Amino acid sequence: MSEGTSSAGASAAGKKAGGTLAPLAKYKLVFLGDQSVGKTSIITRFMYDNFDRHYQATIGIDFLSKTMYLEDRTVRLQLWDTAGQERFRSLIPSYIRDSSVAVVVYDVTNRASFLNTSKWVEDVRAERGNDVVICLVGNKTDLGNDKRQVSTEEGEEKATKDGLLFMECSAKAGYNVKSLFRKLATSLPGSPDAANGGAAGAGGGASGSNVIDIKLSQAPANLDESSSCGC
């Protein structure tokens with residue numbers, strides 16, 4: 001099965017064993033983090049396999065939806081892209097409230113954005129307690145180790161300490177974006193892999209065997225040579 005599944009195939013994927021249409025499971029994923037860490041770019045890379053070099057700050061809240069056809073079910077992911085500016089902070093708790101997954105993003109070349117993830121995680125816990133999957137994501141790995149201010153090990157350590165999933169990626173290069181959404185898909189409530197820890201682990205090693213591949217461009221061979229913004 002591929003991203004271009006026929007309507008007949010999609011219908012079959014959404015049917016129960018008895019032949020009746022099963023309700024389409026919907027999951028709300030909210031993306032949180034400081035301004036310019038790359039929340040919009042991660043979503044854009046996933047949705048359209050595209051990276052917009054002309055970055056514009058998100059105003060308020062943006063919403064996108066994508067259907068994923070899994071081996072055992074069909075799910076609709078509702079992706080809520082939140083603004084990182086402080087002036088929009090009061091709007092965000094209401095969007096966290098009924099979310100299934102919170103993706104807290106930071107820029108690996110901006111230490112302040114990493115330190116501020118603690119506040120974003122606290123906001124999620126305040127609204128959802130432990131009834132939500134939280135994934136800590138370090139973006140802009142394409143900018144190279146010379147510009148790094150947060151090591152992979154430090155990100156992993158924080159995620160382990162706070163009980164979060166963890167992954168690093170580059171929205172610009174497409175690196176690990178597909179793996180990120182595989183990890184999120186296998187952590188969704190009702191996923192067979194969610195119960196046995198298939199989505200856990202710092203290295204993004206979710207098997208993803210029940211998730212249909214979404215073709216993304218490969219990361220360049222030498223990420224360290226890239227100097228453009230990976231937001």
Side-chain angles (χ1 to χ4, degrees), residues 1-5 9-10 13-14 24-33 37-51 64-81 99-106 108 117 124 132-142 152 155-156 159-160 162-220 223 230:
M1 190 185 299
S2 66
E3 186 67 8
T5 303
L24 185 62
K26 298 178 181 179
Y27 297 97
K28 181 175 179 179
L29 283 64
V30 60
F31 285 71
L32 306 168
V37 295
K39 301 181 295 294
T40 301
S41 294
I42 291 172
I43 293 172
T44 301
R45 173 62 75 181
F46 173 63
M47 292 287 295
Y48 309 115
D49 191 13
N50 183 47
F51 178 80
L64 291 167
S65 181
K66 189 177 187 72
T67 299
M68 293 184 70
Y69 301 107
L70 314 181
E71 294 280 347
D72 59 332
R73 59 188 174 141
T74 301
V75 298
R76 179 173 291 277
L77 303 182
Q78 299 177 337
L79 310 178
W80 294 83
D81 183 13
S99 60
S100 300
V101 177
V103 184
V104 179
V105 184
Y106 66 93
V108 299
T117 60
V124 175
V132 63
V133 174
I134 305 178
C135 186
L136 183 66
V137 177
N139 188 34
K140 306 192 186 182
T141 59
D142 56 278
T152 302
E156 291 174 340
T160 300
D162 295 342
L164 317 175
L165 303 179
F166 175 76
M167 182 168 285
E168 287 187 341
C169 69
S170 166
K172 178 183 177 183
Y175 171 69
N176 258 0
V177 174
K178 178 168 65 176
S179 295
L180 169 62
F181 281 88
R182 281 179 172 180
K183 179 187 287 284
L184 298 178
T186 55
S187 71
L188 292 171
S191 168
D193 291 339
N196 60 26
S207 65
S209 59
N210 66 330
V211 181
I212 302 309
D213 283 355
I214 295 169
K215 185 178 180 182
L216 295 172
S217 61
Q218 297 298 312
L223 294 177

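Just so it is clear, the structure is predicted and the values come from calculations on it, not from any experiment.
Among residues two or more places apart in sequence or in another chain, the side chain to side chain contact (heavy atoms under 4.5 Å, CB included) test is passed with T152 by R148, E156, F166, E168. Taking F31 as the reference, nothing meets the ring-ring contact (aromatic ring centres under 6.0 Å, His included) condition, with sequence neighbours excluded. Listed by chain and number, the residues in a side chain to side chain contact (heavy atoms under 4.5 Å, CB included) with V133 are V101, L165, S187 (sequence neighbours excluded).
In this structure, the side chain of N139 engages the main chain of A171 through a donor-acceptor pair within 3.5 Å. Between the side chain of K39 and the backbone N or O of G33, at least one donor-acceptor pair lies under 3.5 Å. A donor-acceptor pair is defined here as one N or O able to donate and one able to accept, closer than 3.5 Å; such a pair exists between the side chain of S170 and the backbone of A173.
The line from CD1 of I43 to CG of L79 is 5.5 Å long, rounded to the nearest 0.5 Å. Rounding to the nearest 0.5 angstrom, the gap separating the CZ atom in R45 from the NZ atom in K178 is 12.0 Å. How far OG of S65 is from CZ of R76: 4.0 Å, rounded to the nearest 0.5 Å. For the atom pair CZ (F46) and CG (L29), the distance works out to 8.5 Å, reported to the nearest 0.5 Å.
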Evaluate the side-chain contact (heavy atoms from CB on, under 4.5 Å) criterion for residues I134 and V104: first the C-alpha distance (whole Å), next the side-chain angles of each, then the deciding distance (0.1 Å), finally the verdict.
-> CA-CA 7 Å; I134 305 178; V104 179; 4.0 Å; yes

Audit row: Y175, D142, side-chain contact (heavy atoms from CB on, under 4.5 Å) steps and yes/no | CA-CA 8 Å; Y175 171 69; D142 56 278; over 6 Å; no

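Using a 4.5 Å cut-off on side-chain heavy atoms (C-beta onward), L180 and L184 make contact. Between L188 and L77, the closest side-chain pair of non-hydrogen atoms falls below 4.5 Å. Using a 4.5 Å heavy-atom threshold, the side chains of F51 and V177 count as separate.
Of the residues T117, L164, L32, V103, the one that meets the side chain to side chain contact (heavy atoms under 4.5 Å, CB included) test with V137 is V103.
Looking at every heavy atom in both residues, Y48 comes nearest to L64 through OH-CD2, 3.6 Å. Taking all atoms of both residues into account, the shortest heavy-atom contact from S100 to V132 is O-CG2, 3.4 Å.
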